[in-house]
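Below, read A as the first sequence line, B as the second, and so on, with proteins coming before strands; counting in each chain starts at 1.
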Number of protein chains: 4
Amino acid sequence: MAIQEIKSKINDNKQEKERKLLSTALHLFSEKGIKKTSIQDIVHDAGIAKGTFYLYFKDKYELQDVLLAKTSHEFFSNACKEANKYHFDRLDDKIIFIIDSIIDALIARPNILKFIQKNLSLGLYSEKLTDLLDSEELGIKELFINEVKEKDIPLEYPEMTLFMIIELVSSTVFTSIVEKQPLPIEEFKPHLYKTIRLLINEKLEK
Amino acid sequence: MAIQEIKSKINDNKQEKERKLLSTALHLFSEKGIKKTSIQDIVHDAGIAKGTFYLYFKDKYELQDVLLAKTSHEFFSNACKEANKYHFDRLDDKIIFIIDSIIDALIARPNILKFIQKNLSLGLYSEKLTDLLDSEELGIKELFINEVKEKDIPLEYPEMTLFMIIELVSSTVFTSIVEKQPLPIEEFKPHLYKTIRLLINEKLEK
Amino acid sequence: MAIQEIKSKINDNKQEKERKLLSTALHLFSEKGIKKTSIQDIVHDAGIAKGTFYLYFKDKYELQDVLLAKTSHEFFSNACKEANKYHFDRLDDKIIFIIDSIIDALIARPNILKFIQKNLSLGLYSEKLTDLLDSEELGIKELFINEVKEKDIPLEYPEMTLFMIIELVSSTVFTSIVEKQPLPIEEFKPHLYKTIRLLINEKLEK
Amino acid sequence: MAIQEIKSKINDNKQEKERKLLSTALHLFSEKGIKKTSIQDIVHDAGIAKGTFYLYFKDKYELQDVLLAKTSHEFFSNACKEANKYHFDRLDDKIIFIIDSIIDALIARPNILKFIQKNLSLGLYSEKLTDLLDSEELGIKELFINEVKEKDIPLEYPEMTLFMIIELVSSTVFTSIVEKQPLPIEEFKPHLYKTIRLLINEKLEK
DNA sequence: TATGAATGAGGGTTCATTCAT
DNA sequence: GATGAATGAACCCTCATTCAT
């Protein structure tokens, strides 16, 4: 076997270990909460030795950060892929479709929502994402900016608008799904979507 | 000394202990973070015996919940009091004044912001507030609803609008102050306030 | 029961715990060495809970320091008591008697010698001794100084002479007993005692 | 390249690795103490693989023993070399010159002194020295014995005298430099040197 | 010879909680 | 109600050591 092959095999093995730790941790964090999940639990369920954990992560919280960014990012990524299957005349329709997909996905996995809490926006803005983002796929950020330009939507600072939309969604949806406050999610959706349209089509005479 | 007086003194003593625990805990939570603050630390700094803690709170997290609601509420309460010193012709001006006061107060105490995180809205919506709210003071909620009615502002669901404003502020301001993302707070303020005006004066022809 | 009594009972209990920890630790340190003795071992053998250890000592090494001073001191203390039973015309005879007693005691407990190593002088000079020394008993230090004065022994700096004698004994005896270098202890003794006499009766024409 | 050369190169490489391990370990032991220095630390700083350590030493303590003997020996070796540059009429002057050189060297490197502790005499008496001593250089031991003979100094057991001088120095100097007890080293020196003269020129009429 | 990823035993330490006083 | 000494489970983390490459 060539040295090249050996090295790549070792590398594969390492990646596999890291992947296993991440997926096991996500499962446990969602199931029992971060506080009640110990490193012991994670390595036990992952079938990995205790010491090995520290070869990959400094502590539970570094793992948590990576996981938050990664998981949130996946929600955006999946929803965008889904949206790209269809054609939308209007940007607001497309954005709301994406957000609606994400909300439905969150409803379907309430435990993961409890893990993400109000930090969905990390999926777009976390610094931990650098590894994941060298993929050439178009995220919601690029999509939004591009379409604003193409369709001549009169937004002064589209990045800022998107940021506020995402934070608004992230924050209200968590409260609505988990605490059913101020309304259960299905009743809340129309209010939220109306507001999103407002933000995208801002026409403030001032 | 009359029995009454003795009882009231004992009661005072109890309230004093609880108050001491709360203030000490807030200080420690802000300074070192919740995770790194132990009950030991709290009772030590508060000058209270270990066992006594459990006469007042089930555990650290019950105390944390109370503290989150209480502290957030104080920010709103102070800002409202300040606003009531002046006269505002427009509701959006008044709301933005209040929110600006709160943001400035948060900037001044970044450690407390780190404790509150994105949960500022607990100051309005937490169930732990029942004790605090039997005061007859007008909060921002009542203020908002009343003025919408008085001034005939065409908002279909004013409660919903306020909820979204608060969550939007809570979420974006934390990120902006703590991580200076996407803009430092002073640069971000104009964008935020423009959006708040938009939400209050919504005129979406649809 | 009066509060006084209760408090003193608690105090007795605490002293008893500390005593137990010290004696157990000495036994284990002598038997297996410090490095191989864990706090677990100590509390286990002492029949005390793990957490309790930390109420009395910061760590294994604080305990070790106390123990070194205490144990060394006992050797001196016992030897002095023994010497005081007899009358000596000469100071050098008395000092050598004391040192001979100590050496014999060390020979009898080689494990304890391995623990003390070359630090026998801590029994006279350690700062950890303050607790033990408020006893009014005359140590070798006072004994030496007093007799030098009384007997007009022409020593310029008796403290310094004693210090060097003690360090010399401490250092050579360890090597001689443990490693039988350069001679086994019984053969080495005469050389050592001759040197001690020399130091006490210094008559250096210079 | 001739096989000879290759072999010698490999050998050089090996010696280089061992040398590197020793020097790195000495540095770490001095800096952080033995207990807090792990094999991990040593190989990391030495730039050598973990497994490789075990090709050279059984464990940290074997390395420590070698290092103690080696380092102590160097102090004697350097001081003797220095002394040989000059001519001394009297043996006691020469010995005191050597010891003074050693003490000054120790003062200059207090961390190394903390590592050596009271074991300076290992530089003369350790069994680990066999490798180093097949050099034909005259050590202090040979020097002392020879001169006693040559100068007809009336010492019955010169080896014993030297042993006691070395142990006395080793023990007192450590305490004096590190703990400044009973006197700081510079003030202690005259007392020590006076005693050394006494031992060399013993004239106890008894 | 040299490597360094993986191991998992074992250490120190913390801490919420109890309970006799 | 108040105390704080004692507990011991549970944690994190380090580390010497192994072994396939």
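Between C:Ser38 and D:Ile48, it is D:Ile48 whose nearest contact on DNA chain E lies nearer the 5' terminus. Between D:Thr37 and A:Lys58, the one whose closest nucleotide on DNA chain F sits nearer the 5' end is A:Lys58. Nearest-nucleotide positions on DNA chain E place D:Gly47 closer to the 5' end than the other of B:Lys35 and D:Gly47. In terms of position on DNA chain F, the residue among D:Asp59 and C:Ala49 whose nearest nucleotide sits closer to the 5' end is C:Ala49.
Residues B:Leu26 and B:Ile112 have side chains in contact (heavy-atom distance under 4.5 Å, counting atoms from C-beta outward). Looking only at side-chain heavy atoms (C-beta outward), A:Ile34 and A:Tyr61 come within less than 4.5 Å of each other. The side-chain heavy atoms of A:Leu63 and A:Tyr56, taken from C-beta on, include no pair separated by under 4.5 Å. Counting heavy atoms from C-beta outward, B:Ile116 and B:Thr71 have side chains that approach closer than 4.5 Å.
Listed nucleotides F:dT7, E:dT13, E:dT7 differ in distance to A:Lys17; the shortest reach to its side chain belongs to E:dT7. Nearest nucleotide to the A:Lys50 side chain, out of E:dG12, E:dT17, E:dG10: E:dG10. Taking every side-chain heavy atom of D:Leu55 into account, E:dT1 is the closest of E:dT1, E:dT7, F:dG4. Of the listed nucleotides (E:dT17, F:dA6, F:dT3), E:dT17 has the atom at the smallest distance from the side chain of B:Tyr54. The D:Gln40 side chain lies nearest to F:dC15 when the options are F:dC15, E:dA16, E:dT7.
Distance, B:Ile42 CD1 to F:dG4 P: 17 Å, rounded to whole Å. Atom NZ in C:Lys36 sits roughly 14 Å away from atom P in F:dA16 (whole-Å rounding). Rounded to an integer number of Å, the gap from D:Phe53 CZ to F:dC19 C1' is 18 Å. Rounded to whole angstrom, the span from the CG atom of B:Asp41 across to the P atom of E:dT17 amounts to 15 Å. When the C1' atom of E:dG11 is taken as reference, atom CD1 of C:Ile39 falls 9 Å away, rounded to whole Å. In this structure, the NE2 atom of C:His44 is 13 Å from the P atom of F:dA9, given to the nearest Å. A:Glu62 has its CD atom 15 Å from the P atom of F:dC12, to the nearest Å. When rounded to the nearest whole Å, the span between OH of A:Tyr61 and P of F:dC13 equals 10 Å.
When both pairing distances are held under 3.5 Å, F:dT17 makes a Watson-Crick or G-U pair with E:dA6.
Within 4.0 Å of C:Thr52, counting heavy atoms only, lies at least one base atom of the nucleic acid.
Contact between the side-chain N/O atoms of C:Tyr56 and the OP1/OP2 oxygens of F:dA6 is found at a separation under 4.0 Å.
Nearest heavy-atom pair, A:Leu67 versus A:Phe115, reported as atom, atom and distance to 0.1 Å: CB-CZ, 3.9 Å.
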